[in-house]
Amino acid sequence: MNTLTDTPSEAPLLVPRALRPASAADYSLPVQASQRALARGWLWLGLVALIASGLFSVLLVLARTPGVNAWLPGVDFFRVALVLHVDLSVLVWFVAVAGMLWSVASTPRGELWSWAALGAAGAGTALMSLAAFVAPGAPIMANYIPVLESPLFKAGLAVFGVGAALLVLRTMAAAPRVGTQPDGAGALRFGLNASAVAGAVALIAFVWSIVVVPTTLDGKAYYEILFWGGGHALQFTWTLLMLVGWLWLAQACGARVPLSPRVTLLLFALALASVFVTPYAYLAHPVTSVEHRDLHTWAMRFGGGVAIFPLALAVLLALAGLRGVADEARPLRAALVSSMLLFAAGGVIGMTINGSNVKIPAHYHGCIVGVTLALMGLVYHLLPRLGWAAPRGRMAVAQPYLYGAGQLMHIVGLVWSGGYGVQRKVAGAEQVLHAPGEVFGMGLMGAGGLIAIVGGLLFVVVVLRAMRAPQR
(Lines give C-alpha, C1' and ligand atoms only; values in the text may rest on other atoms or scores of the structure.)
Protein backbone atom coordinates (compact mmCIF):
# COMPACT_ATOMS: atom_id res chain seq x y z
CA MET A 1 0.00 0.00 0.00
CA ASN A 2 1.38 3.43 -0.94
CA THR A 3 1.54 6.00 1.82
CA LEU A 4 0.67 8.84 -0.57
CA THR A 5 -3.08 9.36 -0.53
CA ASP A 6 -5.57 10.78 -2.97
CA THR A 7 -6.41 14.08 -1.32
CA PRO A 8 -4.16 16.96 -0.32
CA SER A 9 -5.47 16.91 3.23
CA GLU A 10 -4.40 13.28 3.64
CA ALA A 11 -0.94 13.71 2.06
CA PRO A 12 2.04 13.19 4.36
CA LEU A 13 3.49 16.35 5.82
CA LEU A 14 6.87 15.64 4.21
CA VAL A 15 5.38 16.20 0.73
CA PRO A 16 5.59 19.89 -0.31
CA ARG A 17 2.19 21.41 -1.03
CA ALA A 18 3.15 22.13 -4.66
CA LEU A 19 3.74 18.40 -5.15
CA ARG A 20 0.39 17.26 -3.74
CA PRO A 21 -2.05 16.42 -6.54
CA ALA A 22 -5.78 16.20 -6.18
CA SER A 23 -5.54 12.63 -7.46
CA ALA A 24 -2.72 10.35 -8.53
CA ALA A 25 -2.13 10.63 -12.28
CA ASP A 26 -1.46 7.56 -14.40
CA TYR A 27 1.95 8.21 -15.95
CA SER A 28 1.90 5.48 -18.59
CA LEU A 29 1.39 5.36 -22.33
CA PRO A 30 -0.39 2.77 -24.45
CA VAL A 31 1.56 1.29 -27.35
CA GLN A 32 -0.01 2.08 -30.70
CA ALA A 33 -0.56 -1.33 -32.36
CA SER A 34 0.05 0.14 -35.80
CA GLN A 35 3.50 1.34 -34.70
CA ARG A 36 4.63 -1.87 -32.97
CA ALA A 37 6.70 -3.24 -35.87
CA LEU A 38 8.43 0.11 -36.32
CA ALA A 39 9.26 0.34 -32.62
CA ARG A 40 10.68 -3.18 -32.71
CA GLY A 41 12.93 -2.19 -35.62
CA TRP A 42 14.37 0.77 -33.73
CA LEU A 43 14.97 -1.44 -30.69
CA TRP A 44 16.89 -3.93 -32.80
CA LEU A 45 19.12 -1.14 -34.10
CA GLY A 46 19.82 -0.07 -30.52
CA LEU A 47 20.70 -3.61 -29.44
CA VAL A 48 23.09 -4.12 -32.36
CA ALA A 49 24.76 -0.79 -31.51
CA LEU A 50 25.21 -1.84 -27.87
CA ILE A 51 26.70 -5.20 -28.84
CA ALA A 52 29.20 -3.53 -31.17
CA SER A 53 29.94 -0.85 -28.58
CA GLY A 54 30.60 -3.53 -25.98
CA LEU A 55 33.21 -5.14 -28.20
CA PHE A 56 34.96 -1.81 -28.70
CA SER A 57 34.70 -0.93 -24.99
CA VAL A 58 36.56 -4.09 -23.98
CA LEU A 59 39.52 -2.89 -26.02
CA LEU A 60 39.02 0.67 -24.76
CA VAL A 61 39.11 -0.17 -21.05
CA LEU A 62 42.05 -2.53 -21.44
CA ALA A 63 43.95 0.26 -23.21
CA ARG A 64 43.67 2.45 -20.07
CA THR A 65 44.23 -0.20 -17.40
CA PRO A 66 47.77 0.01 -15.90
CA GLY A 67 49.83 -3.06 -16.72
CA VAL A 68 47.42 -4.44 -19.28
CA ASN A 69 47.77 -1.51 -21.70
CA ALA A 70 51.43 -2.43 -22.35
CA TRP A 71 50.23 -5.48 -24.27
CA LEU A 72 48.02 -3.48 -26.64
CA PRO A 73 49.16 -2.04 -29.98
CA GLY A 74 49.30 1.66 -29.05
CA VAL A 75 47.58 4.94 -28.44
CA ASP A 76 45.88 5.18 -31.85
CA PHE A 77 44.27 1.80 -31.19
CA PHE A 78 42.79 3.22 -27.99
CA ARG A 79 41.47 6.31 -29.76
CA VAL A 80 39.87 4.46 -32.66
CA ALA A 81 38.11 2.20 -30.14
CA LEU A 82 37.04 5.26 -28.13
CA VAL A 83 35.51 6.95 -31.18
CA LEU A 84 33.39 3.92 -32.07
CA HIS A 85 32.52 3.14 -28.45
CA VAL A 86 31.16 6.65 -27.85
CA ASP A 87 29.32 6.95 -31.15
CA LEU A 88 27.67 3.53 -30.86
CA SER A 89 26.85 3.56 -27.14
CA VAL A 90 25.64 7.15 -27.00
CA LEU A 91 24.69 8.58 -30.39
CA VAL A 92 23.32 5.47 -32.12
CA TRP A 93 21.85 3.84 -28.99
CA PHE A 94 20.10 7.02 -27.86
CA VAL A 95 18.72 7.83 -31.32
CA ALA A 96 17.50 4.23 -31.69
CA VAL A 97 15.68 4.20 -28.34
CA ALA A 98 14.29 7.66 -29.06
CA GLY A 99 12.98 6.20 -32.33
CA MET A 100 11.34 3.38 -30.39
CA LEU A 101 9.70 5.72 -27.87
CA TRP A 102 8.58 8.26 -30.45
CA SER A 103 7.13 5.43 -32.56
CA VAL A 104 5.01 3.90 -29.78
CA ALA A 105 3.53 7.31 -28.99
CA SER A 106 3.01 8.52 -32.58
CA THR A 107 0.02 8.41 -34.86
CA PRO A 108 0.37 6.35 -38.08
CA ARG A 109 0.83 9.54 -40.12
CA GLY A 110 3.94 9.42 -42.32
CA GLU A 111 4.98 5.96 -41.14
CA LEU A 112 6.88 5.28 -44.36
CA TRP A 113 9.24 8.16 -43.57
CA SER A 114 10.11 6.58 -40.24
CA TRP A 115 10.94 3.29 -41.96
CA ALA A 116 13.18 5.25 -44.33
CA ALA A 117 14.78 6.90 -41.29
CA LEU A 118 15.43 3.49 -39.72
CA GLY A 119 17.01 2.20 -42.93
CA ALA A 120 19.29 5.23 -43.24
CA ALA A 121 20.28 5.09 -39.56
CA GLY A 122 21.09 1.39 -39.83
CA ALA A 123 23.14 1.85 -43.00
CA GLY A 124 25.03 4.77 -41.48
CA THR A 125 25.81 2.76 -38.34
CA ALA A 126 27.18 -0.11 -40.42
CA LEU A 127 29.41 2.21 -42.45
CA MET A 128 30.80 3.94 -39.35
CA SER A 129 31.59 0.59 -37.70
CA LEU A 130 33.22 -0.80 -40.82
CA ALA A 131 35.45 2.27 -41.10
CA ALA A 132 37.31 1.27 -37.93
CA PHE A 133 38.77 -1.72 -39.80
CA VAL A 134 39.10 -0.23 -43.31
CA ALA A 135 41.63 2.64 -43.39
CA PRO A 136 40.18 4.39 -40.31
CA GLY A 137 42.33 7.50 -40.66
CA ALA A 138 43.21 9.73 -37.74
CA PRO A 139 40.84 9.64 -34.76
CA ILE A 140 39.57 13.09 -33.78
CA MET A 141 38.47 13.18 -30.14
CA ALA A 142 35.89 15.95 -30.50
CA ASN A 143 33.29 16.39 -27.79
CA TYR A 144 29.83 14.84 -28.34
CA ILE A 145 30.58 13.20 -31.70
CA PRO A 146 34.18 12.00 -32.05
CA VAL A 147 35.08 11.09 -35.62
CA LEU A 148 37.58 9.20 -37.73
CA GLU A 149 39.21 11.17 -40.53
CA SER A 150 38.05 8.57 -42.99
CA PRO A 151 35.81 9.10 -46.02
CA LEU A 152 33.93 5.91 -45.15
CA PHE A 153 33.29 6.99 -41.55
CA LYS A 154 32.20 10.49 -42.54
CA ALA A 155 29.89 9.08 -45.21
CA GLY A 156 28.37 6.77 -42.61
CA LEU A 157 27.92 9.65 -40.17
CA ALA A 158 26.23 11.73 -42.87
CA VAL A 159 23.84 8.89 -43.79
CA PHE A 160 23.07 8.35 -40.10
CA GLY A 161 22.40 12.09 -39.76
CA VAL A 162 19.90 11.94 -42.62
CA GLY A 163 18.14 9.08 -40.85
CA ALA A 164 18.02 11.02 -37.59
CA ALA A 165 16.64 14.09 -39.38
CA LEU A 166 13.88 12.04 -41.05
CA LEU A 167 13.02 10.48 -37.69
CA VAL A 168 12.71 13.86 -35.95
CA LEU A 169 10.68 15.43 -38.74
CA ARG A 170 8.30 12.49 -38.95
CA THR A 171 7.90 12.44 -35.15
CA MET A 172 6.94 16.09 -35.09
CA ALA A 173 4.52 15.62 -38.00
CA ALA A 174 2.88 12.55 -36.40
CA ALA A 175 2.81 13.81 -32.80
CA PRO A 176 -0.59 13.21 -31.15
CA ARG A 177 -2.40 16.11 -29.52
CA VAL A 178 -1.87 16.59 -25.82
CA GLY A 179 -5.20 18.38 -25.30
CA THR A 180 -6.21 21.29 -23.08
CA GLN A 181 -6.90 19.02 -20.08
CA PRO A 182 -3.87 16.70 -20.10
CA ASP A 183 -3.79 13.55 -18.01
CA GLY A 184 -0.66 11.61 -17.06
CA ALA A 185 -0.40 10.05 -20.51
CA GLY A 186 -0.83 13.47 -22.11
CA ALA A 187 1.99 14.86 -19.96
CA LEU A 188 4.28 12.04 -21.09
CA ARG A 189 3.34 12.70 -24.72
CA PHE A 190 4.23 16.34 -24.22
CA GLY A 191 7.61 15.29 -22.80
CA LEU A 192 8.28 13.07 -25.80
CA ASN A 193 7.16 15.81 -28.18
CA ALA A 194 9.44 18.27 -26.38
CA SER A 195 12.38 15.89 -26.77
CA ALA A 196 11.72 15.78 -30.53
CA VAL A 197 11.65 19.59 -30.66
CA ALA A 198 15.02 19.67 -28.87
CA GLY A 199 16.27 17.17 -31.45
CA ALA A 200 15.10 19.46 -34.25
CA VAL A 201 16.97 22.39 -32.70
CA ALA A 202 20.09 20.22 -32.49
CA LEU A 203 19.80 19.31 -36.19
CA ILE A 204 19.42 22.98 -37.11
CA ALA A 205 22.54 23.75 -35.09
CA PHE A 206 24.54 21.02 -36.82
CA VAL A 207 23.54 22.29 -40.27
CA TRP A 208 24.20 25.89 -39.22
CA SER A 209 27.68 24.92 -38.06
CA ILE A 210 28.43 23.07 -41.29
CA VAL A 211 27.64 26.28 -43.18
CA VAL A 212 29.53 28.79 -41.01
CA VAL A 213 32.45 26.96 -39.37
CA PRO A 214 35.66 27.85 -41.26
CA THR A 215 37.03 24.82 -43.09
CA THR A 216 40.53 26.25 -42.72
CA LEU A 217 40.63 25.14 -39.08
CA ASP A 218 42.67 22.05 -38.26
CA GLY A 219 40.81 18.77 -37.68
CA LYS A 220 40.44 18.88 -33.88
CA ALA A 221 39.37 22.53 -33.73
CA TYR A 222 37.03 22.16 -36.72
CA TYR A 223 35.07 19.20 -35.36
CA GLU A 224 35.05 20.58 -31.82
CA ILE A 225 33.31 23.77 -33.01
CA LEU A 226 31.19 21.91 -35.57
CA PHE A 227 29.54 19.66 -32.98
CA TRP A 228 29.55 22.01 -29.99
CA GLY A 229 26.20 23.74 -30.46
CA GLY A 230 24.25 20.75 -31.74
CA GLY A 231 25.86 18.45 -29.19
CA HIS A 232 24.71 20.66 -26.33
CA ALA A 233 21.19 20.83 -27.76
CA LEU A 234 21.07 17.03 -27.99
CA GLN A 235 21.59 16.80 -24.23
CA PHE A 236 18.16 18.37 -23.77
CA THR A 237 16.68 15.62 -25.93
CA TRP A 238 18.29 12.88 -23.85
CA THR A 239 17.40 14.56 -20.56
CA LEU A 240 13.74 14.92 -21.52
CA LEU A 241 13.62 11.25 -22.52
CA MET A 242 15.14 10.33 -19.16
CA LEU A 243 12.58 12.40 -17.25
CA VAL A 244 9.76 10.74 -19.18
CA GLY A 245 11.39 7.41 -18.33
CA TRP A 246 11.56 8.18 -14.61
CA LEU A 247 7.84 8.95 -14.44
CA TRP A 248 6.85 6.01 -16.63
CA LEU A 249 9.01 3.54 -14.68
CA ALA A 250 7.79 4.81 -11.30
CA GLN A 251 4.21 4.26 -12.46
CA ALA A 252 5.08 0.78 -13.76
CA CYS A 253 6.55 -0.10 -10.36
CA GLY A 254 3.25 0.77 -8.71
CA ALA A 255 4.38 4.09 -7.26
CA ARG A 256 2.03 7.06 -7.26
CA VAL A 257 4.02 10.14 -8.26
CA PRO A 258 2.80 13.22 -6.33
CA LEU A 259 2.79 15.51 -9.34
CA SER A 260 -0.28 16.66 -11.24
CA PRO A 261 -0.12 16.38 -15.05
CA ARG A 262 -0.22 20.19 -15.37
CA VAL A 263 2.81 20.62 -13.09
CA THR A 264 4.62 17.84 -14.95
CA LEU A 265 3.86 19.47 -18.27
CA LEU A 266 5.23 22.76 -16.92
CA LEU A 267 8.42 21.06 -15.78
CA PHE A 268 8.91 19.51 -19.23
CA ALA A 269 8.37 22.94 -20.79
CA LEU A 270 11.01 24.42 -18.47
CA ALA A 271 13.43 21.61 -19.36
CA LEU A 272 12.90 22.43 -23.05
CA ALA A 273 13.03 26.23 -22.79
CA SER A 274 16.79 26.58 -22.46
CA VAL A 275 17.42 24.74 -25.72
CA PHE A 276 16.26 27.87 -27.54
CA VAL A 277 19.41 29.60 -26.34
CA THR A 278 21.04 27.57 -29.13
CA PRO A 279 19.83 29.61 -32.12
CA TYR A 280 20.40 32.82 -30.15
CA ALA A 281 24.04 31.82 -29.62
CA TYR A 282 24.47 31.42 -33.38
CA LEU A 283 22.83 34.78 -34.09
CA ALA A 284 24.57 36.72 -31.32
CA HIS A 285 28.18 35.54 -31.60
CA PRO A 286 30.55 34.01 -34.17
CA VAL A 287 30.81 30.24 -33.79
CA THR A 288 34.53 30.51 -33.11
CA SER A 289 34.11 32.95 -30.21
CA VAL A 290 34.36 32.17 -26.51
CA GLU A 291 30.98 33.87 -25.97
CA HIS A 292 29.28 31.47 -28.37
CA ARG A 293 30.81 28.47 -26.61
CA ASP A 294 29.95 29.74 -23.13
CA LEU A 295 26.31 30.41 -24.00
CA HIS A 296 25.77 26.76 -24.87
CA THR A 297 27.52 25.65 -21.69
CA TRP A 298 25.45 28.03 -19.56
CA ALA A 299 22.17 26.88 -21.12
CA MET A 300 22.93 23.22 -20.45
CA ARG A 301 24.26 23.80 -16.95
CA PHE A 302 21.38 25.88 -15.62
CA GLY A 303 18.46 25.12 -17.93
CA GLY A 304 17.74 21.48 -17.27
CA GLY A 305 18.34 21.56 -13.52
CA VAL A 306 15.31 23.76 -12.91
CA ALA A 307 13.05 20.90 -14.00
CA ILE A 308 15.13 17.90 -12.98
CA PHE A 309 15.26 18.52 -9.23
CA PRO A 310 11.52 18.83 -8.46
CA LEU A 311 10.63 15.94 -10.76
CA ALA A 312 13.34 13.75 -9.23
CA LEU A 313 12.13 14.69 -5.74
CA ALA A 314 8.58 13.68 -6.62
CA VAL A 315 9.75 10.31 -7.98
CA LEU A 316 11.88 9.68 -4.89
CA LEU A 317 8.92 10.44 -2.62
CA ALA A 318 6.79 8.05 -4.66
CA LEU A 319 9.40 5.29 -4.37
CA ALA A 320 9.78 5.91 -0.64
CA GLY A 321 6.08 5.25 -0.18
CA LEU A 322 6.14 2.07 -2.24
CA ARG A 323 5.38 -1.12 -0.32
CA GLY A 324 6.23 -4.22 -2.28
CA VAL A 325 6.91 -4.59 -5.99
CA ALA A 326 5.62 -7.25 -8.37
CA ASP A 327 8.22 -9.62 -9.81
CA GLU A 328 7.78 -8.14 -13.27
CA ALA A 329 8.46 -4.64 -11.91
CA ARG A 330 11.63 -5.45 -9.94
CA PRO A 331 13.99 -4.95 -12.94
CA LEU A 332 12.21 -1.65 -13.63
CA ARG A 333 12.77 -0.41 -10.09
CA ALA A 334 16.44 -1.46 -10.27
CA ALA A 335 16.88 0.53 -13.48
CA LEU A 336 15.07 3.56 -12.08
CA VAL A 337 17.00 3.70 -8.81
CA SER A 338 20.35 3.15 -10.56
CA SER A 339 19.53 5.81 -13.17
CA MET A 340 18.74 8.44 -10.56
CA LEU A 341 21.85 7.61 -8.52
CA LEU A 342 24.25 7.78 -11.48
CA PHE A 343 22.71 10.95 -12.89
CA ALA A 344 22.98 12.63 -9.47
CA ALA A 345 26.61 11.51 -9.15
CA GLY A 346 27.41 12.97 -12.56
CA GLY A 347 25.79 16.26 -11.58
CA VAL A 348 27.73 16.51 -8.33
CA ILE A 349 31.01 15.73 -10.09
CA GLY A 350 30.27 18.44 -12.63
CA MET A 351 30.36 21.01 -9.84
CA THR A 352 33.95 20.02 -8.96
CA ILE A 353 35.47 20.33 -12.44
CA ASN A 354 38.45 22.68 -12.59
CA GLY A 355 40.66 22.43 -15.64
CA SER A 356 40.92 19.74 -18.32
CA ASN A 357 41.35 16.37 -16.65
CA VAL A 358 39.51 13.07 -16.25
CA LYS A 359 36.89 14.65 -13.99
CA ILE A 360 35.22 15.86 -17.20
CA PRO A 361 34.55 12.35 -18.58
CA ALA A 362 33.54 11.30 -15.05
CA HIS A 363 30.82 13.95 -15.03
CA TYR A 364 29.80 13.08 -18.58
CA HIS A 365 29.74 9.34 -17.88
CA GLY A 366 27.59 9.78 -14.78
CA CYS A 367 24.93 11.81 -16.57
CA ILE A 368 24.98 9.74 -19.76
CA VAL A 369 24.81 6.46 -17.84
CA GLY A 370 21.89 7.88 -15.86
CA VAL A 371 20.07 8.39 -19.16
CA THR A 372 21.14 4.96 -20.43
CA LEU A 373 19.78 3.16 -17.35
CA ALA A 374 16.43 4.95 -17.66
CA LEU A 375 16.22 3.89 -21.30
CA MET A 376 17.18 0.32 -20.40
CA GLY A 377 14.35 0.28 -17.88
CA LEU A 378 11.91 1.51 -20.52
CA VAL A 379 13.06 -1.23 -22.89
CA TYR A 380 12.35 -3.82 -20.17
CA HIS A 381 8.91 -2.29 -19.59
CA LEU A 382 7.99 -2.14 -23.27
CA LEU A 383 9.15 -5.63 -24.27
CA PRO A 384 5.83 -7.34 -23.43
CA ARG A 385 3.94 -4.48 -25.07
CA LEU A 386 5.91 -5.03 -28.26
CA GLY A 387 4.95 -8.70 -28.43
CA TRP A 388 7.75 -10.29 -26.37
CA ALA A 389 7.95 -11.65 -22.84
CA ALA A 390 8.66 -9.49 -19.80
CA PRO A 391 12.20 -9.79 -18.37
CA ARG A 392 12.15 -11.74 -15.11
CA GLY A 393 14.53 -13.41 -12.72
CA ARG A 394 17.65 -12.55 -10.81
CA MET A 395 19.68 -11.64 -13.87
CA ALA A 396 17.17 -9.02 -14.99
CA VAL A 397 17.10 -7.48 -11.51
CA ALA A 398 20.86 -7.61 -11.01
CA GLN A 399 21.76 -6.19 -14.44
CA PRO A 400 20.95 -2.49 -13.74
CA TYR A 401 22.67 -2.66 -10.35
CA LEU A 402 25.76 -4.35 -11.81
CA TYR A 403 25.96 -1.92 -14.71
CA GLY A 404 25.37 1.04 -12.41
CA ALA A 405 27.90 -0.15 -9.80
CA GLY A 406 30.56 -0.68 -12.46
CA GLN A 407 29.96 2.75 -13.92
CA LEU A 408 30.05 4.29 -10.44
CA MET A 409 33.43 2.65 -9.81
CA HIS A 410 34.54 3.89 -13.22
CA ILE A 411 33.66 7.52 -12.53
CA VAL A 412 34.97 7.43 -8.95
CA GLY A 413 38.30 6.21 -10.33
CA LEU A 414 38.28 9.03 -12.86
CA VAL A 415 37.49 11.62 -10.18
CA TRP A 416 40.23 10.20 -7.94
CA SER A 417 42.75 10.40 -10.79
CA GLY A 418 41.48 13.84 -11.77
CA GLY A 419 42.49 15.05 -8.33
CA TYR A 420 46.05 14.17 -9.34
CA GLY A 421 45.66 15.97 -12.68
CA VAL A 422 45.58 12.89 -14.92
CA GLN A 423 44.60 14.14 -18.36
CA ARG A 424 41.58 13.00 -20.34
CA LYS A 425 41.52 11.11 -23.66
CA VAL A 426 44.99 9.62 -23.28
CA ALA A 427 46.18 6.06 -22.75
CA GLY A 428 49.25 3.97 -22.11
CA ALA A 429 52.46 5.91 -21.49
CA GLU A 430 50.68 9.20 -22.27
CA GLN A 431 48.81 8.88 -18.96
CA VAL A 432 52.09 9.55 -17.09
CA LEU A 433 51.08 7.74 -13.88
CA HIS A 434 53.69 8.18 -11.14
CA ALA A 435 52.02 8.40 -7.72
CA PRO A 436 50.38 5.27 -6.24
CA GLY A 437 47.14 7.25 -5.97
CA GLU A 438 47.15 7.87 -9.71
CA VAL A 439 47.68 4.20 -10.47
CA PHE A 440 44.99 3.20 -7.95
CA GLY A 441 42.47 5.64 -9.41
CA MET A 442 42.99 4.51 -12.97
CA GLY A 443 43.01 0.86 -11.86
CA LEU A 444 39.66 1.41 -10.14
CA MET A 445 38.44 3.05 -13.32
CA GLY A 446 39.53 0.03 -15.35
CA ALA A 447 37.95 -2.49 -12.97
CA GLY A 448 34.71 -0.53 -12.88
CA GLY A 449 34.71 -0.24 -16.64
CA LEU A 450 35.05 -4.00 -17.04
CA ILE A 451 32.19 -4.60 -14.58
CA ALA A 452 30.07 -2.08 -16.49
CA ILE A 453 30.85 -3.89 -19.75
CA VAL A 454 29.59 -7.12 -18.21
CA GLY A 455 26.48 -5.28 -17.01
CA GLY A 456 25.89 -3.80 -20.45
CA LEU A 457 26.26 -7.16 -22.17
CA LEU A 458 23.91 -8.71 -19.58
CA PHE A 459 21.29 -6.17 -20.67
CA VAL A 460 21.54 -7.50 -24.20
CA VAL A 461 21.34 -11.09 -22.90
CA VAL A 462 18.27 -10.34 -20.78
CA VAL A 463 16.50 -8.64 -23.69
CA LEU A 464 17.35 -11.42 -26.16
CA ARG A 465 16.15 -14.06 -23.69
CA ALA A 466 12.89 -12.18 -23.25
CA MET A 467 12.50 -11.99 -27.02
CA ARG A 468 12.91 -15.75 -27.31
CA ALA A 469 10.73 -16.69 -24.34
CA PRO A 470 6.99 -17.30 -24.76
CA GLN A 471 4.71 -14.58 -23.41
CA ARG A 472 3.03 -15.28 -20.09
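Side chains included, hydrogens not; waters and symmetry mates left out as well; all remaining heavy atoms used. The residues of the chain are indexed from 1 along the displayed sequence.
Minimum interatomic distance between Gly346 and Cys367 (heavy atoms only, all atoms of both residues): C-SG, 3.8 Å. The two residues Pro400 and Ser338 make their nearest non-hydrogen contact at O-OG, 3.5 Å. Nearest heavy atom pair, residue Val257 against residue Ala314, reads CG1-CB, 4.0 Å. Of all heavy-atom pairs spanning Pro146 and Asp87, the tightest one is O-OD2, 2.7 Å. Nearest heavy atom pair, residue Val325 against residue Arg330, reads CG1-N, 3.7 Å. Gly404 approaches Leu342 most closely through the heavy-atom pair O-CD2, 3.6 Å.
Note that CD1 of Ile140 is 12.0 Å distant from CG of Leu226, once rounded to the nearest 0.5 Å. Ser103 OG to Gln32 CD: the interatomic distance, rounded to the nearest 0.5 Å, is 11.0 Å.
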Please tabulate, for side-chain N and O atoms in residues 193-201, each donor-acceptor pair with protein atoms closer than 3.5 Å (sequence neighbours left out).
unit_1, atom_1, unit_2, atom_2, d
Asn193, ND2, Arg189, O, 3.3
Ser195, OG, Trp102, NE1, 2.9
Ser195, OG, Leu192, O, 2.6

TODO: Please assess Leu118 against Trp42 for the test side chain to side chain contact (heavy atoms under 4.5 Å, CB included), listing each intermediate value before the final yes or no.
DONE: CA-CA 7 Å; Leu118 176 58; Trp42 283 109; 3.7 Å; yes
Open item on the list: ring-ring contact (aromatic ring centres under 6.0 Å, His included), that's the test. Do Trp238 and Phe94 meet it? Break it down for me.
Closed with: CA-CA 7 Å; Trp238 313 145; Phe94 282 6; 5.1 Å; yes
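Contacts of Ala466 classified as side-chain contact (heavy atoms from CB on, under 4.5 Å), with partners at least two apart in sequence or in another chain: Leu383, Pro391. Take Glu328 and apply the side-chain hydrogen bond (donor to acceptor under 3.5 Å, both in side chains) test, not counting sequence neighbours, and it matches Arg392. For Tyr401, there are no ring pair (Phe, Tyr, Trp, His ring centres under 6.0 Å) partners at least two apart in sequence or on another chain. Residues that satisfy the side-chain hydrogen bond (donor to acceptor under 3.5 Å, both in side chains) test with Trp115, not counting sequence neighbours, are Glu111.
For the pairing with Phe343, the side-chain contact (heavy atoms from CB on, under 4.5 Å) check across Val369, Ile368, Ile308 returns one residue only, Ile308.
When side chains are defined from C-beta on, Leu188 counts as touching Leu247, because their heavy atoms get closer than 4.5 Å. Looking only at side-chain heavy atoms (C-beta outward), Val95 and Leu167 come within less than 4.5 Å of each other. In this structure, the side chains of Arg256 and Tyr27 stay at 4.5 Å or more apart for every pair of heavy atoms.
Ser339 and Trp246 share a side-chain donor-acceptor pair at under 3.5 Å.
Seen from the ring of Trp388, Arg40 counts as a face-on cation partner, given the 6.0 Å and 45° thresholds.
Applying the side chain to side chain donor-acceptor pair (under 3.5 Å) rule to pairs touching residues 369-380 yields Tyr380-Gln399, sequence neighbours excluded.
Ring-plane geometry between Phe227 and Phe206 is classed as perpendicular, the angle between the planes exceeding 60 degrees on a 0 to 90 degree scale with a lower cut at 30.
Proximity of a side-chain donor or acceptor of His85 to a complementary backbone N or O of Ala81 within less than 3.5 Å is not detected.
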